[in-house]
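Let me begin by presenting the structure, written as structure tokens, before commenting on it.
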Amino acid sequence: MGNRKSRTRRCSLGPIRRRSTITASLLRWYRRNSRDLPWRGERDPYRILVSEVMLQQTQVGRVLAKYPLFLSRFPSFQKLARAKSSSVIKAWQGMGYNGRAVRLWRLARTLMLDGGGKLPGDTRALQKLPGIGLYTASALACFTFGKQVAVVDTNVSRVLYRLFPASVRRRTVSRNETIRRGDLWDAAASLLPKGRAKQWNQALMDLGSTICTARAPKCGACPVQAHCPSAHQINRTRADQRKREPAREGIPNRIYRGRIVEALRNLNGTSSIGQHQLAVSIKPNYRRGDRKWFRQILVDLERDGLVRLARTTTGLRVSLPD
DNA sequence: AACGCGGGGTG
DNA sequence: CACCCAGCGTT
């Protein structure tokens, strides 16, 4: 793959000489500037998995604050699998995207049930597990099993697009600078320095998160600025017309969802709460006209495994699932 | 390909 | 206030 002669990849990234210079510069920079993150010192695949799932669309700073507590509460696949999903959802407090907690819990149960209690080592098998997509599978393969595979997250994606704009074409611009997926992963794979995938992937991530940032990148401090066609040319972030999300009185549904789960976390023990009392607590001006809307939110949450709904003679009661 | 999903930090 | 974040699953 690093063979200069038979490069038949679709997306050539230019002369091999310049690529070597870039990889060498970046690896050198990384040796002196790597972030010291707790999961980078871990060997246990479980502990790395937890960090990767937490890091899905969630900033490092927030994960740092929650990671140790979660691990002390659930130190292993087995402990996680034996726990009630409600306790996992509670431990997820403050992380956002609560569905990740449910999927992680389901993953642990799947593993204890028919996976021999251990993560598979290859990307393909990993991706079949709940909550593990292409990124997380690749990250696990590389960071815990030492596989020489590319790992492309939002940081890497941005760095590659800026460094190789001609080769890594941007197909669509959506929320994040989304790049045409195939090209991007191909480009990342063709860049991997032999035997250094782990350092290389983490170097790209660190560069993206500390220097080559989405807004106001610090090109003057960049180790590869001399090779970057985008250096000092990032003027403004794109107006990125966000689609409006489903909302009620200006507040997105997902915020109400978050409020509901948070309210249930704060109930004591196994208790549940009546639908109306819950509704009023998460939307103070709750009215009859909101009933259908609120019911749908609850049904969606139930589908996502985040709440349990119980029909009683007095009406609907809501709690965290067992 | 386009959505929906949390919630806090930043410019 | 709008953008941003170590993405994933569904449609």
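Residue numbers start from 1 in every chain, and the chains themselves are labelled A, B, ... in the order their sequence lines are given, proteins ahead of strands.
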Task: Sugar-phosphate only, base, or nothing, as touched by A/R303 at under 4.0 Å among non-hydrogen atoms - done: nothing
Task: Separation of B/dG8 P from A/I255 CD1 (nearest whole Å) - done: 8 Å
Task: Position toward the 5' end of DNA chain B (nearest nucleotide), A/D304 or A/Q93 - done: A/D304
Open item on the list: Which nucleotide wins on minimum distance to the side chain of A/T136, given the candidates B/dG4, C/dC5, C/dC8?
Closed with: C/dC8
- [ ] State which residues pass side-chain hydrogen bond (donor to acceptor under 3.5 Å, both in side chains) with A/R100; sequence neighbours excluded, sorted by chain then number.
- [x] A/T58
Task: Closest listed nucleotide, where the reference is the side chain of A/R62 and the choices are B/dG8, C/dG7, B/dG11 - done: B/dG8
Task: Separation between the P atoms of B/dG6 and C/dT10, rounded to whole Å - done: 15 Å
TODO: Would you indicate, yes or no, if C/dC5 has its OP1 or OP2 atom less than 4.0 angstrom from a side-chain nitrogen or oxygen of A/R158?
DONE: yes
TODO: Under 4.0 Å between any heavy atoms, over every strand shown, what does A/M54 touch: base, sugar-phosphate, or nothing? Just pick one.
DONE: nothing
Task: Which residue lies more 5' along DNA chain C, comparing A/D153 with A/L129 via nearest heavy atoms - done: A/D153
TODO: Starting from P on C/dG9, measure out to CZ on A/R254 and report it in whole angstrom.
DONE: 19 Å
TODO: Compare the minimum distances between each of B/dG6, B/dC5, B/dG8 and the side chain of A/N253, then state the nucleotide with the smallest one.
DONE: B/dC5
Open item on the list: We want to know whether A/N285 and A/E249 form a side-chain donor-acceptor pair, criterion being a heavy-atom distance below 3.5 angstrom.
Closed with: yes
- [ ] Would you mind telling me which of B/dC5, B/dT10, C/dC8 lies closest to the side-chain atoms of A/R215?
- [x] B/dT10
